[in-house]
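Small disclaimer: the values here were computed from a predicted structure and weren't measured. Just so it is clear: chains get the letters A, B, ... in the order the sequence lines come, proteins before strands, and each one is counted from 1.
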Number of protein chains: 2
Amino acid sequence: MNKQQNILIIGAGLCGSLLALRLGQRGYNVTVMEKRPDLRKVAISAGRSINLAFSDRGNKAMKLVGLESKVNALCIPMNGRMIHDKEGNTFLSNYSGRDYEYINSISRGGLNALLLDEAEKHENVTIQFNRKCKSVDFEKTTALFYDYDSKSDFIEDTDVIIATDGAGSILRKSYYLEKKFLFSFSQDYLTHGYKELSILPADSGDYKTYKNALHIWPRGSFMLIALPNLDGSFTVTLFLSYDDGDYNFNNLTTPESVTEFFKKEFPDALNLMPNLIEDFFKNPTSPLGTVKCSPWHYKGNTLLMGDAAHAIVPFYGQGMNASFEDVVEFDNILEAHNKPSTKSDWENIFKSYESTRKKDTDAIADLAIDNFYEMKDHVNNHLFREKRNLEMALEKNFPEQYASKYSLVTFNENIGYREAMLKGRAQDKAILNMLAEGEIDLNSDLRLVLEKINSETQEILQEDNIAGLK
Amino acid sequence: MNKQQNILIIGAGLCGSLLALRLGQRGYNVTVMEKRPDLRKVAISAGRSINLAFSDRGNKAMKLVGLESKVNALCIPMNGRMIHDKEGNTFLSNYSGRDYEYINSISRGGLNALLLDEAEKHENVTIQFNRKCKSVDFEKTTALFYDYDSKSDFIEDTDVIIATDGAGSILRKSYYLEKKFLFSFSQDYLTHGYKELSILPADSGDYKTYKNALHIWPRGSFMLIALPNLDGSFTVTLFLSYDDGDYNFNNLTTPESVTEFFKKEFPDALNLMPNLIEDFFKNPTSPLGTVKCSPWHYKGNTLLMGDAAHAIVPFYGQGMNASFEDVVEFDNILEAHNKPSTKSDWENIFKSYESTRKKDTDAIADLAIDNFYEMKDHVNNHLFREKRNLEMALEKNFPEQYASKYSLVTFNENIGYREAMLKGRAQDKAILNMLAEGEIDLNSDLRLVLEKINSETQEILQEDNIAGLK
């Protein structure tokens with residue numbers, strides 16, 4: 001008899017479809033309900049597909065489900081940041097001193113379609129589209145859905161519900177509103193919003209600017225970025241304050257002011273964007289928020305995963321990677337427990353998962369905020385650039401012995417985000433202070449510089465430890 | 001013509017009644033609506049009055065409204081922490097090395113009654129009780145109330161609404177639920193709850209234990225504290241985990257287990273509490289939460305103040321003091337602006353108030369969490385006790401030149417909480433690390449120790465600054 005083997009997943013986005021695939025591989029009876037239509041059957045207009053940064057933590061999940069090579073075919077490597085100054089000068093700042101470490105631009109839709117295809121290959125996995133979740137009864141482990149096709153409500157009664165329904169999660173909302181237990185919750189908005197724009201392919205079909213980089217136009221209090229798509233276009237995103245500064249989302253209300261703003265701040269980008277005005281006024285302005293909460297689960301009945309549990313701002317390119325890593329971590333916990341056959345087994349699994357995982361998703365949320373300031377501003381800062389140059393040299397010369405904070409977070413999938421954050425921040429502090437005081441520089445003996453950095457980093461960690469009385 | 005001079009205050013607790021008094025003194029037309037009955041007319045059962053810590057920031061507000069001496073008469077000075085170990089041994093750890101610095105225990109009810117009396121002396125101030133706020137329309141600046149006396153609803157239409165309705169604020173809830181603007185919000189619960197108990201006066205009417213201290217029974221993962229009342233009793237609070245440990249709120253369900261727990265952990269307290277079991281099972285277990293949010297205001301219409309804007313855990317004894325300081329800060333902003341006559345004037349005042357104040361209320365929220373760990377655990381730690389002894393000596397010998405973090409927060413009302421936090425944390429880190437490495441001790445030349453601490457503190461602040469690229 002199969003007991004407690006029926007799992008309902010709410011949301012067939014990136015996290016939900018990967019989870020369905022993995023639980024399908026493990027033999028569970030999986031039903032997935034998705035409110036949107038099947039994205040494999042709905043035409044996505046050319047050049048408007050949203051792309052994402054895909055890196056080692058995400059790839060670890062693809063290896064787990066056996067999709068590494070199929071996903072690789074969807075990837076465009078980005079070796080570094082291409083910084084554009086106001087005069088249109090550019091310079092490339094690599095993400096790592098190791099040639100084999102880079103991040104990728106990938107289409108959300110393409111990747112999602114692949115995961116859905118693979119999940120549906122399992123006969124124990126069923127995916128239904130146009131089914132919008134209206135509420136979850138986490139005491140009874142049932143969920144109420146509205147079926148857009150039949151235009152009627154229905155209730156799903158199952159053993160376990162996992163909500164991967166994103167930043168606006170219905171399950172999380174019911175945890176908050178029903179007040180049946182103490183639910184810690186935060187939503188934090190930046191004062192900036194974002195708007196998607198595009199650089200279309202040249203008439204030849206070629207990329208209009210360098211393909212293998214993440215382009216950044218950092219301007220201190222705002223910035224523009226661009227990531228390549230497979231079709232020769234770039235998806236461009238403007239990050240700008242709603243209210244502050246001479247130009248902001250609230251006062252950019254005419255074609256003239258938008259053109260004036262781009263001419264002044266991003267003249268080289270403007271040259272590549274004859275479609276700017278159309279994009280600007282057609283596309284929405286969206287907020288940038290961080291969501292944290294706890295507990296993620298209610299008894300052994302329901303669990304939040306992915307953005308539903310921890311939505312983050314996009315500046316570390318880790319949103320999708322973190323959600324994929326959730327599935328890897330959850331799979332590890334499942335592996336470590338006997339196959340659950342009671343509610344209490346599931347409760348132990350959920351508890352164990354949250355206690356292992358939450359410290360890391362909290363850390364990447366904070367790191368992503370850090371990187372907002374780094375990308376829009378610090379990349380222009382003299383000391384910061386010296387630090388990056390030094391770190392590139394160290395990674396190149398001591399590939400086994402040095403990893404920058406960026407590398408620890410992005411390319412070191414075998415350590416958690418929290419460990420990467422603590423070590424990376426201490427290392428940054430050590431380097432910046434030693435550079436500021438002239439104790440190290442790029443012309444010193446690099447072996448000596450590495451030793452100084454390591455010893456100073458250890459001292460910083462130890463002093464923090466003593467101060468925390470741990 | 002009086003324009004924009006009608007102010008509705010929701011909630012006549014400590015913050016609301018002080019605000020009403022101050023705005024009354026300034027000549028505004030103030031209406032206060034309070035959901036509870038008038039606490040001056042409802043008997044409060046002996047020994048059950050809740051007391052609070054009152055210190056210099058709160059007193060600054062009392063000076064502002066001319067009530068310093070009247071409030072002083074309600075105060076019981078507490079010069080330090082009286083630490084009780086498991087064997088019933090006690091030692092006193094002073095709050096400051098300066099004799100004139102101490103905190104006070106004060107009755108919430110007594111202080112609230114005084115503020116209500118004083119506010120009502122102004123004919124431009126009206127206070128109505130038994131009026132429960134049901135919702136606020138922050139676009140129209142109206143509020144819907146339920147009148148418990150007439151058992152009917154009514155709407156108040158006013159120029160400005162200030163909600164001082166505590167941690168469960170109705171105005172804050174409407175900001176959150178209506179989603180008319182980006183509202184950052186967090187509620188964070190500790191894994192511990194609290195329960196109020198009591199030590200009744202001796203038959204003679206005397207205090208059963210030392211009167212002029214805040215008593216603490218620190219036990220690492222939980223603690224008991226006691227504050228004196230004017231009637232000879234102490235209000236005792238047990239802080240304990242809901243779930244974890246051998247004894248917790250979820251498993252202390254029988255008189256036997258509660259007695260066993262107290263006999264084992266707090267034997268000297270148990271001897272003073274023949275009423276323990278009655279108190280324990282009569283009184284509720286309450287959660288410990290921190291609330292932060294932003295923005296506090298909506299245009300020039302509505303404003304959150306006090307716990308409604310920033311609820312904190314009680315471990316720094318600063319909850320009431322922070323709310324009183326809100327009124328002082330708001331009064332400063334009012335003073336600095338011309339008397340508001342338009343909505344836009346109020347909007348400027350509210351913006352200016354939040355931008356000055358929020359950094360400080362965020363800081364005291366974080367400091368209060370720090371002190372939870374300090375009180376229940378660190379006060380027993382060897383290094384921590386050495387630090388406190390050294391700080392007492394420094395404050396005694398260099399009263400004008402040294403102030404501990406506790407003193408900066410509690411007795412230095414002329415610097416903000418954030419400044420106190422940054423300096424205090426750096427100072428703690430400097431002392432703990434130098435003590436751990438044997439660079440300073442209580443037997444060294446204190447003048448030299450002070451210099452070392454100051455120089456190390458400055459270095460820590462500077463290094464943090466460089467690492468933050470500020």
Side-chain angles (χ1 to χ4, degrees), chain A residues 168 173 176-177 179 181-193 242-243 285-295 351 370 373-374 377-385 387 425-437 456 459-460 462-470, chain B residues 168 173 176-177 179 181-193 242-243 285-295 351 370 373-374 377-385 387 425-437 456 459-460 462-470:
Chain A
K173 194 188 263 181
Y176 177 79
L177 291 178
K179 298 186 191 300
F181 55 94
L182 295 181
F183 186 56
S184 292
F185 167 71
S186 69
Q187 60 183 30
D188 276 297
Y189 293 102
L190 296 181
T191 53
H192 286 55
Y242 282 101
D243 277 320
T285 304
S286 304
L288 293 159
T290 301
V291 172
K292 294 178 182 171
C293 66
S294 180
K351 270 194 183 168
D370 288 357
Y373 298 99
E374 177 166 325
D377 195 7
H378 301 171
V379 289
N380 276 329
N381 174 290
H382 173 67
L383 206 56
F384 177 84
R385 281 166 68 165
K387 175 174 86 72
R425 282 181 175 174
Q427 218 166 241
D428 278 357
K429 186 174 176 179
I431 300 176
L432 288 166
N433 274 287
M434 290 196 292
L435 280 174
E437 291 177 20
E456 186 69 18
E459 195 173 322
I460 288 169
Q462 197 196 332
E463 286 183 359
D464 285 348
N465 212 30
I466 289 172
L469 288 159
K470 276 161 200 153
Chain B
K173 192 188 266 182
Y176 176 79
L177 291 177
K179 298 187 190 299
F181 54 94
L182 295 179
F183 186 56
S184 293
F185 167 70
S186 70
Q187 60 184 30
D188 276 297
Y189 294 101
L190 296 181
T191 52
H192 286 55
Y242 282 100
D243 277 319
T285 305
S286 305
L288 293 160
T290 300
V291 172
K292 293 178 182 173
C293 66
S294 180
K351 270 193 181 166
D370 289 357
Y373 299 98
E374 177 166 326
D377 195 7
H378 300 172
V379 289
N380 276 330
N381 174 291
H382 173 68
L383 206 56
F384 177 84
R385 279 165 69 164
K387 176 174 86 71
R425 283 182 174 173
Q427 218 167 241
D428 278 357
K429 186 174 177 180
I431 299 175
L432 288 165
N433 274 286
M434 289 196 293
L435 279 174
E437 292 179 19
E456 186 68 18
E459 196 173 321
I460 288 170
Q462 198 196 332
E463 286 183 0
D464 284 348
N465 211 29
I466 288 171
L469 286 160
K470 278 159 200 156

Bottom line for Tyr373(B): the part with an atom under 4.5 Å from chain A's heavy atoms is neither
Honestly, the part of Leu177(B) sitting under 4.5 Å from a heavy atom of chain A is side chain
Mark yes when over 12 heavy atoms from residues, nucleotides or ligands other than Gln462(B) sit less than 6.0 Å from its CD; otherwise mark no. no
Rounded to the nearest 0.5 Å, the CG atom of Leu288(A) sits from the CG atom of Leu182(B) at a distance of 9.5 Å
Between the CD atom in Gln187(A) and the OG atom in Ser186(B), the distance rounded to the nearest 0.5 Å is 9.5 Å
Most heavy-atom pairs under 4.5 Å with chain B, out of Leu435(A), Thr290(A), Asn433(A), belong to Asn433(A)
Exercise for review: Find out whether Tyr176(B) and Tyr176(A) are in side-chain contact, i.e. whether some heavy atom of one side chain is under 4.5 Å from a heavy atom of the other.
Suggested key: yes
Query raised in the report: Going by heavy atoms in the side chains, are Ile466(A) and Lys429(B) under 4.5 Å from each other?
Result: no
